[in-house]
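So the structure is just underneath, and the comments pick up after that.
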Amino acid sequence: MNYLLFIIGFLLLVLIGTAVYAVRQRDLLYAVIATGVISLALTALFLVLQAPDVALTEAAIGVALTTIIFIITIRNTVRYEDEKDKK
Amino acid sequence: MKSLTFNEKLARFFINWLFLMIVWIAFTTSFNKQEVIAGVFVTMLISFFSIPLFTCCTFKILAPKRIFYMVYYLLIFIRELIKSNLDVARRVLTPSLPINPGIVKFKSKLPTDYSKMVLANSITLTPGTLSIDIIDDTFYIHWIDVKTTDPEEAYTEIAETFEKILLKIFV
Amino acid sequence: MSIYEIIGGILILIGAVFLFLGGLGIYRMPDVYNRLQAGTKATTLGAMSLILGVGVVKMEDSWTWIVKMAIIIIFIAFSNPISSHALARAMYHRKRYPYIKGDAKDMDAYREVAGKDDPSDTSPDEGENI
Amino acid sequence: MTYIFYITIVLLSLGMIFSIIRFIKGPTAGDRTLALDTMTTLMVAGLVLLSAVFNRFIYVDVALIYGVLGFIGVIVIARYLEGAL
Amino acid sequence: MKKAIVIFLLAVFGFFLAVTFLDPDFEAERNHNGVKNFYLDKTVSQLKTANTVTAIVVNFRGFDTLGEVTVLFLAATALGSILFKKRHHIGDRTVLMPASSIVSAGSKLIFPAIILLGAYVFIHGHLTPGGGFQGGTIIATGFLLMLIAYRDFSISHNVLSVIESFAGIGFVTFGLLGFMNGGTFLQNFMGTGVLNDLISGGVIPVIYILVGFKVAAELTGLIYTILHEKG
Amino acid sequence: MVGSPVLLIAIPLLAAFLIPLFGMVWKESVRIVPGLVLAYLTYLSASLYIEVINTDTIVEIIAGWRPPWGINLVFSPLTGFLTTIMTFMGFIVWLYSYRFKRNVEFEAAKKYFIFLMLLVAGSVGIVITGDIFNQFVFIEIVGISAYALTAFYTGRDSAEAAFKYLIMGSLSASALLIAIIIIYSQLGTLNMAEIAANIDNMNPYYRIIAMIFFIIGIGVEAEIFPLNGWAPDAYTEAPGPVGGAFSGIVAKAGIYAMVRMMFTLFDIAGPMKILIVIGLITLIVAETSALRQEKLKRMLAYSSIGQMGLVLVAFGMGTKAGVFAALFLMLNHAITKPMLFLSGSFLTFNTTEKYIKQITGMAKKMPVVSIIFVLGALAITGFPPFSGFWSKMAFLSAAADENLLFIMATILIISIFEVVYYFRVINRLFFFEYDDKISVEPHKPGFNGMIALFVLAFIVLMIGFYPSSVTGFIDLAADDLLNTHQYIDKVLQLGQTIIQ
Amino acid sequence: MDTTELIRIGVYGTSILLILIGLYAVLTKRSLIKIIIGLSIIDGGIHLLLIGIGYIKDGTAPIFSPGSENAVARMVDPVPQALVLTAIVIGFGVTAVALSLVIRLYRHHNTLKIDEIKNLKW
């Protein structure tokens with residue numbers, strides 16, 4: 001059973017790390033890509049926790065649809081949290 | 001988009017149907033009567049609506065000669081894929097990173113978008129090359145270890161083996 | 001250990017090694033094009049081999065696994081190069097300079113990409129932040 | 001078989017870690033998207049492996065869908081970077 | 001300063017959450033075998049649906065699903081209402097420049113397969129993981145691929161809203177049919193068949209297929225609306 | 001049997017899916033169909049209500065699974081009372097806005113009416129459902145329609161108000177989900193009656209945590225103090241009738257959910273005091289803010305929040321008299337506040353800011369509307385011959401029974417505040433000269449709008465002169481709310497008779 | 001401490017952390033899009049929490065596919081999964097509406113910073 005612990009622990013670390021990254025990152029596009037990684041880790045985690053239905057939903061919605069609506073919003077507004085972040 | 005004659009539409013419809021049915025069987029992994037019947041209906045519906053979209057090939061593609069070349073292509077492709085991976089492994093694992101990257105271009109003779117796509121995908125997956133852009137017939141290739149910058153020589157080096165077979169399949 | 005398990009196990013191991021190398025490759029390579037090269041090739045073959053291995057291992061029980069694995073392999077082999085091509089092209093259109101060793105300055109194609117006369121002084125991770 | 005599985009899991013995790021380092025280091029959006037792409041492929045392999053370990057054939061659907069849709073996510077970002085969206 | 005206050009508040013909040021959920025008592029005092037076992041039992045014995053989650057989503061808690069579909073419908077409508085502009089360019093393109101021929105050829109090739117995958121997911125909602133929402137989402141993602149790969153790929157809003165309306169009406173109508181036949185809304189009034197057959201579970205797969213169509217149309221419309229939004 | 005409570009939800013949803021289809025064929029239908037649906041809902045819920053009063057509570061099961069396992073709808077004297085008010089107010093708001101949207105494009109009008117109808121349907125769902133997760137879904141339905149309605153007009157700051165509302169709404173929805181998680185993990189059920197029956201098995205600590213999350217979760221819809229920051233902006237920026245719909249329909253549903261949770265789910269004596277505290281804070285903050293508002297709708301919004309606080313205080317007393325007073329206040333407020341919003345939006349027609357000074361001297365130009373506005377103001381401040389008087393009296397006598405002198409004093413002071421700020425408006429309306437520069441252009445109010453206002457005014461007068469016409473109903477509803485055991489028995493016993 | 005216990009604590013702890021991180025973003029960030037990213041992180045944490053509730057030792061998915069009919073005792077609780085399914089879809093709808101509001105706000109104010117958008121009092 002220890003391998004499950006390893007996988008889950010690894011995914012949880014990825015989840016937290018990416019969440020912190022998404023919140024701290026000042027370039028919104030990178031933050032959006034980070035939400036994609038969050039959704040990826042969540043999908044795997046849901047599968048490991050024996051919820052394939054939920055994993056499927058998270059995969060189907062988190063991969064492309066959330067990304068596209070965020071990206072369209074960024075395109076229509078600004079890409080940086082603060083104008084001075086723009087290099 | 002040029003309008004299609006009825007026969008062309010019919011041919012497309014049936015070939016779509018055939019391919020989608022194969023995909024359906026692979027999805028369901030079952031020859032159960034109900035599954036197959038449902039599949040026939042669903043794939044019929046989808047292939048009917050995708051007549052203007054799915055245009056990769058006609059029934060010509062099922063000629064024995066072409067199928068033979070396809071298998072041949074697949075074998076060569078797999079060989080090249082493995083070779084390219086060993087190549088990547090060597091480069092990645094060598095501490096000094098033996099790379100000499102650059103971008104080269106060459107012209108291809110392939111006619112349709114689909115054949116170009118297959119060629120580009122093959123180039124991407126074979127040793128040391130990555131297709132970056134295609135403008136009309138010109139392929140721009142990122143080469144991890146540039147041996148030549150001349151378009152003709154690059155063509156011989158990168159694409160010739162594939163293209164010969166592809167021409168036999170698609171033309 | 002049946003023969004299926006042995007063959008499948010070897011395939012899985014090969015796949016895992018190549019997937020690892022893919023990860024290592026995108027870590028070690030100097031610029032985005034080289035990373036794409038390493039990433040795409042290694043992960044594609046790795047994933048294909050691993051998935052095929054799983055299918056072979058399970059072939060002992062039923063044929064359904066290998067069929068579904070085959071369809072996943074086809075999808076991966078088809079979609080992975082396309083996505084990396086799209087990415088490479090996006091970088092190309094954004095005029096991201098490729099990393100080039102000193103003696104390869106005189107390539108026409110390179111100029112068409114970089115749009116800059118003397119690329120030799122651009123280090124790989126500089127340039128427009130895109 | 002168990003050992004093969006353990007080794008595989010460790011290797012996949014290492015590959016994942018390297019992708020995440022690349023994801024964090026950047027430096028460009030392309031690198032990050034590439035890291036996402038690599039992670040997607042790794043994850044598809046991992047999901048297939050997990051469904052084999054749990055011995056549930058139906059879990060493979062998740063991997064299949066992830067494999068098919070993951071590339072669309074990458075293409076979306078690539079198209080944005082290209083300036084086309 | 002503001003950050004310090006926020007962090008302090010979050011620490012307090014997190015402490016409460018942690019005390020609640022990480023307490024061993026939280027697991028020890030749990031007492032809920034009744035519902036789970038009932039659902040697992042009845043799903044096999046009465047509804048003949050292999051996927052218990054589907055049975056719960058469509059039948060036991062079908063009313064939630066109706067609400068959920070309505071939420072998506074509302075979200076799609078609200079998007080149109082919020083982004084509404086008076087001058088509407090008919091010739092608007094969704095994407096500014098054409099994609100590389102490889103991407104567009106590849107999308108064309110893979111598009112029917114994605115649609116088929118979506119259809120597979122929602123037709124087999126009662127047998128395998130997945131169902132209407134997932135299938136609908138996959139189909140919408142397929143359309144998204146076509147929309148960003150082609151400049152001249154367009155979908156008729158009217159067709160979408162007709163599909164959406166008919167699927168929604170079908171859902172409610174099936175609910176009301178149960179009302180008329182069996183006595184309660186959304187009751188499973190059709191024969192249930194044999195477990196793990198494609199045609200089993202009575203009304204459940206039918207409703208999930210309708211949900212699939214509805215979600216696909218809604219999400220496609222949503223994406224289409226937002227893609228046309230030019231800042 | 002005239003119908004079934006489930007039709008109260010199913011019919012509006014069916015109509016919402018049908019309207020786009022009808023709209024393609026006949027454009028006027030997008031305005032008419034929602035009205036027909038709302039009228040039908042009013043009829044249905046009124047007739048069901050009468051049936052319920054005469055016979056017994058209806059517990060409707062869904063999908064044929066008895067309550068602990070399936071979702072159930074409860075149509076009792078209490079929920080029937082609220083449902084009838086809400087559907088009726090929905091119809092009135094529709095009637096008012098029927099021509100109001102004629103100057104808007106077809107697409108926008110279609111969406112407006114769909115949102116309005118689903119707002120009513122969702123609120124009805126919140127009230128009649130017997131399942132906490134189902135309630136969450138309905139709260140989201142109400143939420144999204146409310147965000148869309150708030151952001152309906154472009155060109156104002158409506159998007160800002162809607163965004164504020166959305167952030168608060170989704171945070172509170174998250175809190176509600178956490179509460180549901182705690183309850184489900186401890187008791188293994190989502191059914192309200194089952195939870196109420198088993199709540200004693202739950203660790204008191206988790207019970208309190210779950211309750212706090214519940215209060216946060218429902219507080220946004222119920223407009224209680226720290227969570228009502230959205231309300232004034234949303235009321236101001238939304239189209240005129242929608243403010244009426246928010247105060248007359250959504251806030252009622254929120255209060256109901258909160259009270260049902262407090263009385264039935266967490267049946268503990270101590271936390272009842274929480275309601276009094278929350279209510280008093282809400283009341284004082286809102287009424288003092290209302291005093292310094294310069295915009296008419298904003299003032300009305302704060303007044304509405306204050307009334308919600310008053311209702312909560314009344315519920316918090318926990319006695320029969322208190323609950324009676326609270327329900328009476330809710331009824332009054334549900335009728336009077338939309339009346340004020342609707343007539344106020346006639347008075348400030350076609351302005352974006354809606355400052356109070358803009359209605360200077362409008363009484364001479366639009367006398368009827370002004371009189372109705374005054375009627376509403378008098379009713380809500382509690383002047384003797386009108387409906388508000390009786391509810392305030394009931395409230396005060398309930399407080400006197402409990403010897404809550406502090407509360408009584410507060411209420412009296414607050415009433416003076418109310419009188420002050422309403423009379424400020426009335427003063428401007430009647431005793432100032434009409435001034436072209438600051439006042440709005442008067443216009444002829446629409447026929448349908450006037451009918452809606454007259455109906456409301458008639459009800460206010462009727463309750464004012466014959467309070468006994470409604471007190472009987474309210475009495476039954478109050479009994480129903482207080483009798484938790486009866487609720488549990490009704491819902492769960494049904495399960496034993498219809499066994500799958 | 002056995003494995004299941006550890007898994008559970010890890011999952012709960014991570015979900016709580018995710019909720020807190022999301023809340024931090026909502027409360028302190030100035031960019032509207034960042035706030036919405038925070039909301040979606042909160043959603044993710046809650047979904048994970050809900051799934052963690054249903055997990056049991058050696059569990060398997062509550063799906064009776066051929067070959068797993070006798071695994072009933074090991075099946076995890078299906079109810080939280082159904083709830084999460086609903087919650088994910090609702091969350092997506094809310095996110096879409098929120099982002100469209102952001103586009104509207106940007107059109108109107110030409111900025112995304114929350115402290116520059118205050119025609120109304122916050």
Side-chain angles (χ1 to χ4, degrees), chain B residues 1 12-13 15-30 32-39 41-57 108 110 112-124 130-140, chain E residues 50 97-130 135 138-139 142-143 145-147 149-156 159 163 193-201 205-206 208-209 212-213 216 220:
Chain B
M1 208 178 284
R12 279 187 183 190
F13 172 71
I15 192 130
N16 282 359
W17 198 357
L18 183 69
F19 280 137
L20 286 177
M21 202 58 215
I22 294 171
V23 176
W24 174 265
I25 301 267
F27 281 157
T28 56
T29 57
S30 151
N32 186 316
K33 199 170 62 189
Q34 290 174 354
E35 304 270 8
V36 173
I37 292 171
F41 280 107
V42 172
T43 49
M44 190 170 80
L45 209 66
I46 294 175
S47 45
F48 178 75
F49 282 110
S50 59
I51 285 175
L53 296 173
F54 190 69
T55 52
C56 86
C57 31
S108 153
L110 286 172
T112 61
D113 274 358
Y114 290 103
S115 50
K116 276 182 207 159
M117 182 195 79
V118 174
L119 180 61
N121 280 2
S122 312
I123 286 172
T124 304
L130 170 72
S131 58
I132 287 183
D133 202 358
I134 301 178
I135 297 168
D136 296 331
D137 280 343
T138 316
F139 280 57
Y140 289 83
Chain E
M97 53 190 272
S100 128
S101 60
I102 292 179
V103 174
S104 42
S107 335
K108 216 181 211 177
L109 205 55
I110 209 168
F111 175 67
I114 292 179
I115 303 294
L116 187 64
L117 180 62
Y120 160 75
V121 167
F122 69 66
I123 288 172
H124 287 74
H126 55 304
L127 301 178
T128 61
I138 292 166
I139 290 176
F143 278 103
L145 178 65
M146 289 308 272
L147 282 169
Y150 284 90
R151 293 184 72 190
D152 50 0
F153 187 85
S154 67
I155 313 160
S156 158
V159 171
I163 292 174
V194 183
L195 187 69
N196 267 316
D197 262 9
L198 182 63
I199 300 174
S200 65
V206 184
Y208 237 14
I209 288 170
F213 273 105
T220 310

Q: Run the numbers on I102(E) and K116(B) for side chain to side chain contact (heavy atoms under 4.5 Å, CB included), then give the verdict.
A: CA-CA 7 Å; I102(E) 292 179; K116(B) 276 182 207 159; 5.7 Å; no

Q: Evaluate side chain to side chain contact (heavy atoms under 4.5 Å, CB included) for M117(B) paired with L109(E), printing each intermediate quantity in order.
A: CA-CA 10 Å; M117(B) 182 195 79; L109(E) 205 55; 3.7 Å; yes

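When heavy atoms are compared at a cutoff of 4.5 Å, I46(B) approaches chain E solely by way of its side chain, counted from C-beta outward. Using a 4.5 Å cut-off between heavy atoms, T28(B) touches chain E through backbone and side chain atoms alike. Residue contact with chain E, scored on non-hydrogen atoms closer than 4.5 Å, involves the side chain of N32(B) exclusively. When heavy atoms are compared at a cutoff of 4.5 Å, L117(E) approaches chain B by way of both its backbone and its side chain.
Rounding to the nearest 0.5 angstrom, the gap separating the CG atom in L127(E) from the CD atom in E35(B) is 7.0 Å. We find the CG-OG distance between D113(B) and S100(E) to be 9.0 Å, quoted to the nearest 0.5 Å. In this structure, the separation between CD1 on I115(E) and OG on S47(B) is 12.5 Å, given to the nearest 0.5 Å. With values rounded to the nearest 0.5 angstrom, F19(B) atom CZ is found 14.0 Å from L116(E) atom CG. With values rounded to the nearest 0.5 angstrom, S50(B) atom OG is found 9.5 Å from M146(E) atom CE.
Residues P112(E) and L20(B) are in side-chain contact: their nearest non-hydrogen atoms beyond the backbone lie under 4.5 Å apart.
Applying the 6.0 Å contact sphere to CZ of F213(E) captures no more than 12 heavy atoms from other residues, nucleotides or ligands.
Taking each heavy atom of Y120(E) and F27(B) in turn, the nearest pair found is OH-O, 3.4 Å. Nearest heavy atoms, I199(E) versus Q34(B): N-OE1, 3.1 Å.
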